[in-house]
Structures are given as C-alpha cells and as structure tokens.
> 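Submitted below is the structure of interest, expressed as structure tokens.
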Amino acid sequence: MKKEKKGIRLDHISKIYKDPKTGKDFYAVKDTSLEIEPGSFVTLLGPSGCGKTTTLRMIAGFESPDEGEIFLGNEAINELTPNKRDTAMVFQSYALLPHYNIFDNVAYGLKLRKVPKEEIKERVTRILELVELSGMEARMTNQLSGGQQQRVALARALVIEPSVLLFDEPLSNLDAKLRVSMRTEIRRIQQEVGITAVYVTHDQSEAMAISDKIIIMNKGVVAQMGTPHEIYYHPNSEFVADFIGEANFLKGKMISHDDKVAQIEVDGLPITVAYEKNMKEGNDYTVVLRPEAASLSEKGGVPCTVELSRFMGSYQNYHVRVGNTLVKLEEHNPKNKRIFEVGEKCTLVFEPTSVHVL
Amino acid sequence: MATRQGASLDRKKLMADPIMVSTIVVLIAFLTLFILYPLAILLVDSFVSDSGLTLDVFKRIFKIPTFKTAITNTLKVGFLVGIISTAVGLLFAYVEVYVRSNKFMGGLFKVVSMLPVVSPPFVLSLSMIMLFGKAGIITRHLLGIYDNSVYGFWGIAIVQSMTFFPVCYMMFRGLLKNIDPSLEEAARDMGASRSKVFTSVTLPLLLPGIGNAFLVTFIESIADFANPMIIGGSYDTLATTIYLQITGAYDKPGAAAMAVVLLCITLLMFAVQKYYLEAKSTATLTGKASRQRMLIEDKSVRLPLTILCGAIALFVIIMYICVPIGALFPTWGYTFFPLTTKWFQLIFTRYKGFKAFKDSFMLSVIAAPITALLSMIISYLVVKRKFKGKGFIEAVSMLAMAVPGTVLGVGYIRGFSGGVFHTGFLQGLYGTGAILVIVFIVRSLPTGTRSGIAALRQIDKSIEESAYDMGANSMKVFTTVTLPLIKDSFLSGLVTAFVRSITAISAIILLVTPQFLLITVQINEFAEKGSYGLACAFATLLIAVTYTAVALMNLFIKHFGTSRKIKEEY
Ligand SMILES: Nc1ncnc2c1ncn2[C@@H]1O[C@H](COP(=O)(O)OP(=O)(O)OP(=O)(O)O)[C@@H](O)[C@H]1O
Ligand SMILES: [Mg+2]
C-alpha cells in the first residue's frame, strides 16, 4: 500500500455509561492513554466487561468519548462520524450485507468512494485473492462457511485501504482449529499490507500469537501495555500475572540481600529471588511463580508437601503446599523424572531469575 | 465527574449529517403539528374561554343527558366486546396451537386471521342487518320473526366482537406458541387432567396477555365509529355522540370537550396496557418453545372444540360474503330473485361511483407510500440511532394509536379550520385533499411503525454499523441496507396503510368536503338512509379493492421477497 501508515493515540479517554439497573453513572473506560505505533498489531485483552469493545468503538466513532481526545496520525478525530474516519472495522458477527453477494459486499466501500468501475473490479479481485476467496464472487453470504465469511469481512475492510483496521473478537464464532489458522492468516495479511491493527479478544493465546503489543485492560483502565514477552515475564500487577497464563503468588517480607539475590520470607521460609535495586529490606513483596518455572526435588530449595499429583500427558500436575500457600506446578516431560506422590515431603527448586517480584 | 463531552460530540456528529438532521426536524414538526397540536387544541378549546380557565364547557356537556348515557353505553359495549373477543380469540388460538386439526380447519383459521386486514369496518353491520334485521333473511324469512331488532346494544356488541376477535386470536397465538410444552407436560405427568392443566398452568401464564388483549379490544371498541353509526340505532356511543354534536348540534366546543373525555378514557386504558401489561405479557413468555407440542388427539376434547371454532369461523365468513350477495338482491329484504346488478349500475351511473372510487383510491394511494416510508424512517431512528428527541418521536407515534379517529377529526376541525391557533396560518390546508391524506397517514402510522420496529429489531445492529463504517452516510445506510433488508415489512406496511386509508371513516367523515366523494362515507350515508342495496354495492367495491391489494402484495412477496432468502440465515 502506498499510503502513509498512521498510528493511533488515545489521550486521557473516558467513557461514562449509565447502569441501566441502578441508574448510576459508571466509567466503562477510565482515563486511558495509549500510543499505538503505525503499522503495529496491538491487542486489547481483558476480562469480559472491561471496556475493550467500548474502546474500539470509540476509535471507530460509534461511541463518543466523554473525556479526552483520540488522534489518528496527527489529526484529532473526536468530531468525525464513523463514515468520515479512516478506519475499518471487522465485526464479531461479520456483519456482511445479506442482500449482496460477495463481490458487492467487498465493493460496497469502494462504490461509496466513487471509485471507477474498472478499478473496483481490479481491487476487489486482488483483495479476494489475498484472502483466498477467488472464484466465490457471485455467492451470497449465506452460502459461505464461517471462516469464509470472516475472510469476506476482512477483505471488505482491507479493500478500502484504511489507515487502521479494527477487529472486535473476529474469531469468536469459529471452532478452535479454524481460529488458530485464521489468526495466522490475519497476522500474515496485516504484515503483508503493513497496516495498523487494533484487535480485541479475550483469548490470551490468540493475543500472544499475533500481537506486537498487548494491552491488558481491567475495569476500564489499562493495567499494562507491552510485548507478549514483557507481559508474561514482567507483569506489573497480580491482576496481569494472574490474567495471563497461570501464576502462583507467594507473599512475604524481604529479609536480606546481596548484589545478585534477595531473600524473601514466605510463611517463615526464605525464598531466593533476583535482587533489583529498588527493593528494600523490610518491605512486603509478592513472588510470582509460573507453574512451569519450578520443579520438585528431594533436596535443596524450599521445603514443601505434595497435595495433588496427576499425570496429564505432556506434564505432571502437582499441587504442593509451601508454608500456608498452595502452589500449582507443571513438570513437563515427566517420563524420565521422579514422580512425587501425595503426602510426600520434598523441595521446590527454581532459578532466582525465573520468578518475578512485585 | 468531569465535564462530559460525549453528548456534545454525539450532537456534533449528528449535525455533520444534514440529511439526518433535517429528517428529524421534519419528523418532529410533522408529529407535533398533526398529532400533538390537534389534541392540545382540544384541551385549550374545552378549558379556555374568553374569561380564562374554566370548566364551563364540561359542566354544560355533563348536563346533556344523552352524553352521560353515551358514556355508560360506550363503556358497557367496550366491556362486553372486550370479554367476548378475548374469550373467542383465546379459544381459536388454543385450538390452533393445541388441537390436531385438518386442512379444512387450517384454511378457515387462516381466512379468519386475514379478515381484520382486508375488511372495511362496517361490513359486518350491514350483513347483520341483512340477516337478522326486521326484514332479515334469517329472522323474517326463515324463522318468521317480524319484529326482531338488531339495532342497539346487542347489535353493536356482536358485530364488534366479530370484528375484533381475530386480533385477539393473533395475539394469543403468538403467546401460546411460546409456552414451553414441558411446563404443561410436567403437570400432566403428575396426574393433572387436561382441564386442570389449562386452568392451573396455561391460564396463569396467559393472564397478563389476557388483560392485554382485553384492553386492546376495549380501546378498539370505544374508538369504533362506523359500526355504532350503522347498527347503533338510537343507542349512541361516545364516538357517534361527538359526531352528532358537530354535524347535528353544530356545537364545536361541546364536541371538543366530549372528545377530551373520550380521549382520556382511551389514553388511560392505553397507558395501563402499554406500560403495565405489554411488558409483563411478553416478559413471562419469552423464548421459543424447546420442542414440538404433543397435539391433543382425544376426540372428546377435539370434536367439540373444533366444531365450535369451525361454526364461529364459518359464521363470520358467511357474514362477509353476505355483503356482495346482498348487493345483488333486487329489493333488500323483500325480493331476492332474480339477482340483479342494478345497484352496481346505479352507483356508477347515478351516484358517482366512479368518482368515489377514484377519490378514495387516489387519496389512499398517495397516503400509503408516505405512511410506509415514514413509519420505516421512524422505526429506523428509534431502533438504530440515538439522538435527543428520539423518545419524543417514539412516544408521539405510539400515542397516535390511542387516539380515536373521531377525536382526531374534531381536533383537526378545531385546529385547522381557522388556521393554526386560529391565526390563519396553514388555513389553506383545511378542506383540501392534503389534509385528508395527512389524516390517513396519521391514522396508519402507529401500526406501520410498530411492525417496522419489530422487523428492525431482528436485524443485527452491526450490519448497519458496518455500512456506516465503510463510509456510507445515514441516508445511504438507510437506502442501501436498512430498506432492502426490511423490504417485506415495508411492502406489507404499504398495503396495510393503503387498506386502512381506503377503509377509514371515523376521522375522515368529519373533515371531508363535498369536493371529495369517499366510498366509506357513501356507504355510511346510504346505510343511514336505509338504502342497503347501494351501501352493499359500494362495500363490495371496497372489499374488491382491498382484497386485490392484499393479494397482489402476497404474490409480490412470494416472488420477489428477498428478505425470505435472508431470513433463513438470521
Ligand atoms: N450502551 C451501553 N450502555 C450502558 N452500559 C454499557 C453500554 N455498552 C457497554 N456498557 C457497559 O460498559 C462496560 C464495558 O463494556 P464493553 O462492551 O466495552 O466490554 P468488553 O470488554 O468488550 O467485554 P466482552 O469481552 O464481554 O465483549 C460493561 O460493563 C458494559 O456493561
Ligand atoms: Mg466486547
């Protein structure tokens, strides 16, 4: 695409709705500031009702922010109606026009832009090739499978060459297998066209797989924004850590440290973690331990008792008690490892650098 | 909370869409001028005199004995008609949904459900007089009763019940189909008899719906003008009293005050129905039935119910057929043979039948597309858009449903004969065809809007949003997406509006000038004079027109209805 790529900037955006039950106002999105770089693929991830759709709809122009300003490139777009914004949305329900065939669906936006007939034909053909739907131009929308409809929706959004593509859970109507192949497809096409994309989902593996950056939202506010790697290994809150993947939280006080490691006392048991400069003795910390980051052993590490031991195929699933805290573990590739039984006393071993401290 | 810019941004976005803004402005102006204002002027007229606010007019009309009788008459008829229509409607719906029936019965039921759509309001009154009147075919010629009078309370009640029960039947059919059969099967399973199941499970579930149906018919009955006019005799109802107060007593302020009384009654009923019962009667029964119902095969239940329904249905259908046949009798009520077409010849040669046909047809043909389009636009705005004034648009177009035609007619006389607020503004409108067209529109708008809203609610909001997002403005979205998707609903709205307009009488009879001859007004006039042959000939003409329109619509939908294809998916 020859067009200049544009980023999106949300500047202290809020959206206030009235709760239909109590009649009270509440923030569906609260004081959110974001910068989405041109050409990047950004995913909004969060539990149901956290304001993802609302944010996306504000960018598209269907909802007006009650506070703040939205920028597309350098242009403030608050006052533009959806049809005047250089964005295109792919809806969860596809929202294809049921009285048009595939060709006309894809051509709809171009016709509105008064593009000459030949050019429309050419561009529609090219885009249908891209989404691998060539030859289906004459079909009606109800003669397509879910995945094909989804691709028509994508083609329709792409063909008008918008600056930004918006996706609201576009794959949630598809079965698990198709979801995986479609997300790869979407990522491929986005890369090929080099367009800025904002993607809403609450499937974290989907978010991990396709995003340059993930924005975790919680109750209308941005909890964290970062690369999938950052979000997973350096969550900035228990919420984020818990939301992305599985996490065990061990709470305690820091008792000592040297240049490299610090000791955190959890229920009277010292736990060794990597030391960082801003950590202070006497402060309370939470150690975030991913289930796959530790393993069980007979000696060394933190003493614990096995409360559950279950073979899951690719891993052995343990619940062990450390002090008063229950820790869930996944010991991968268990075939040649020693299996601990329920009631056994053992130790929990992990590298100081493989845990994260909050 | 900080300053809210959301609302002002929404407003700015709206303003960026001049077509939408002007549509809304025009709509609000139209609704205000032609629905709210005529009603407001009635209040002003009856409460305000030269000396300021006063109850004098009301005191005066309540001293008129016929007015007080009219109120009790109206309520009595309404009450009885409400009960009969609800009961018969429920019977029909129950038999259709619960009892196994054959093709013939199915056909009968279908015809009955179609009747309210095609039938002019006074057809049943005419055939009632023809069959059971003093010179009635059944009363006099079959049974030899010479002094039977159909005029009055029972005449009105029976005719109105037959006219309105199909509406109840359609309402109950929807409700019954939504009851989950397993509820009743569970009761059956625990040993309850069939009648016990009906009284202990089905009936309680239907209770709000029954109240709803009762009130709807009650309102229809007290608003009805045509039947009491023809078959009421000296038994006056509010609608006819108001009419006579204007045309007979030339007492316009008095009529205005009476209209206010009638309006208050219907509005009260409407408010109860709309905000209390309607919500309840759907809330308790949402969701589709999960499985097919086991139909009642038991002969001891099936036979009597089927026979009863069949008899009623046949009777009603015969009543309708009587009218065209009656138009062929040489002397109404005395000589039946040989059948003659002389009445038809007469209406065309002497009584300007062609002009009546043309005037009625033209005015309705102009009104129908405007009504259909307006109601679709209103539905679109109400269902799909948000803006200030939306509540107003929705409320006023629904309010029109509760306004009896007679009340509207009086409001128009008072409101427009001297121009708006007696200033002379828009005075030119009064007495023209335009005001008749406007009355037609206002009278059919609520039904159209209601079915439009129902149709639009079924269309996923994101379909229109996606078009908007692709770059279409509101106008484009409406014409390229919304309208094509509700084509069927638009078409049936068009035909309904046409039929309602061409069969309308209550408001129009007060406003029509000699310049226009309307079929309905002609029927009323000839029936009043006792020239039933002519009345029947005109009515036959009317039935032919409406039936053709409906048949054409069905044909068209069958062959060109795109929405059918779409519905399979959604
Ligand atoms: N039109 C509205 N009026 C009132 N409240 C609304 C409206 N739209 C959304 N909300 C509320 O705003 C909050 C955020 O909704 P939103 O649709 O953005 O959630 P979401 O993150 O997309 O959730 P999901 O993952 O379930 O789609 C919710 O509490 C929702 O109930
Ligand atoms: Mg959502």
Side-chain angles (χ1 to χ4, degrees), chain A residues 12 14-17 25-27 31 57-58 60-70 78-100 104-114 140-144 149 153 156-157 159-160 162 166 168, chain B residues 1-21 384-388 458-490 560-570:
Chain A
H12 298 285
S14 298
K15 180 73 198 175
I16 299 160
Y17 281 130
D25 287 345
F26 72 98
Y27 279 98
D31 197 22
R57 287 173 63 84
M58 283 194 283
F62 295 122
E63 311 285 346
S64 302
D66 285 307
E67 293 161 18
E69 182 75 57
I70 301 177
N78 265 9
E79 291 179 13
L80 292 184
T81 50
N83 55 331
K84 298 269 155 56
R85 293 189 185 195
D86 198 8
T87 59
M89 183 139 159
V90 179
F91 290 82
Q92 177 173 1
S93 54
Y94 317 139
L96 301 180
L97 307 178
H99 53 301
Y100 287 160
D104 290 332
N105 260 287
V106 179
Y108 186 77
L110 295 176
K111 279 182 192 155
L112 290 170
R113 283 168 180 69
K114 308 236 161 26
M140 294 307 283
T141 56
N142 56 359
Q143 297 169 320
L144 294 185
Q149 290 181 38
R156 178 178 68 169
V159 79
I160 56 173
L166 305 170
D168 190 2
Chain B
M1 238 162 241
T3 50
R4 299 268 198 95
Q5 58 179 28
S8 75
L9 281 178
D10 282 340
R11 199 156 47 238
K12 274 183 193 150
K13 286 184 192 169
L14 187 68
M15 287 305 179
D17 200 342
I19 300 175
M20 170 96 167
V21 177
K384 306 283 176 174
R385 304 303 298 253
K386 50 176 191 215
F387 56 92
K388 260 216 178 89
Q458 292 184 337
I459 296 176
D460 187 358
K461 191 166 129 209
S462 60
I463 293 182
E464 275 135 341
E465 279 182 351
S466 77
Y468 198 27
D469 192 49
M470 293 281 105
N473 60 25
S474 301
M475 176 81 173
K476 261 273 185 285
V477 173
F478 184 74
T479 52
T480 62
V481 181
T482 315
L483 218 43
L485 286 182
I486 51 169
K487 198 161 123 186
D488 288 1
S489 169
F490 175 77
F560 301 100
T562 47
S563 329
R564 206 162 27 104
K565 243 187 298 173
I566 295 160
K567 268 188 204 118
E568 283 164 17
E569 193 192 358
Y570 286 90

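Chain letters run A, B, ... following the sequence lines, proteins first, then strands; residues in each count from 1.
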> So, taking the atom named OG in A:S64 and the one named NZ in B:K386, what distance separates them when rounded to the nearest 0.5 Å?
6.5 Å

> With a 4.5 angstrom heavy-atom cut-off, is it the side chain or the backbone of B:A7 that approaches chain A, or both, or neither?
backbone

> Can you tell which of A:Q92, A:E63, A:M58, A:K15 has the highest number of heavy-atom pairs within less than 4.5 Å of chain B?
A:E63

> Of all the heavy-atom pairs spanning B:E465 and A:F91, show the shortest one and how long it is.
OE1-CE2, 3.6 Å

> In the structure I gave you, are the side-chain heavy atoms of B:Q5 and A:N78 within less than 4.5 Å of one another anywhere?
yes

> Could you pull out the closest heavy-atom pair between A:R156 and B:M470, with the gap in Å?
CG-SD, 3.5 Å

> Shortest non-hydrogen contact from B:D460 to A:S93?
OD2-OG, 2.9 Å

> Do you know which of A:G109, A:P65, A:A88, A:A157 has the most heavy-atom pairs under 4.5 Å to chain B?
A:P65

> Tell me the closest heavy-atom pair linking B:T480 and A:H99, and the distance in Å.
O-NE2, 2.6 Å

> Give, for atom CD of A:E79 and atom CE of B:M15, the distance between the pair rounded to the nearest 0.5 Å.
12.5 Å

> Judged by atom type as modelled, is there a donor-acceptor pair below 3.5 Å linking the side chain of B:S466 to the main-chain atoms of A:A95?
yes

> Quick check: closest heavy atoms across B:L485 and A:P98, and the distance to 0.1 Å?
CD2-CG, 3.4 Å

> Can you tell me how far the CE atom of A:M89 sits from the OH atom of B:Y468, to the nearest 0.5 Å?
14.0 Å

> Does A:K111, at its NZ atom, have more than 12 non-hydrogen atoms belonging to other residues, nucleotides or ligands within less than 6.0 Å?
yes

> Measuring from atom CZ of A:R85 to atom CG of B:D469, what distance do you get when rounded to the nearest 0.5 angstrom?
10.0 Å

> Mind checking the OG1-CG spacing from A:T81 to B:L9? Nearest 0.5 Å is all I need.
12.0 Å

> With chain A as the partner, which of B:S474, B:G6, B:S8, B:A467 has the greatest number of non-hydrogen pairs under 4.5 Å?
B:G6

> Please determine, among A:L112, A:L80, A:L166, the option with the most heavy-atom pairs under 4.5 Å with chain B.
A:L112

> Heavy-atom cut-off 4.5 Å, strictly under: side chain, backbone, both or neither for A:Y100 against chain B?
side chain

> Does any backbone or side-chain atom of A:S14 lie under 4.5 Å from a heavy atom of chain B? Answer side chain, backbone, both or neither.
neither

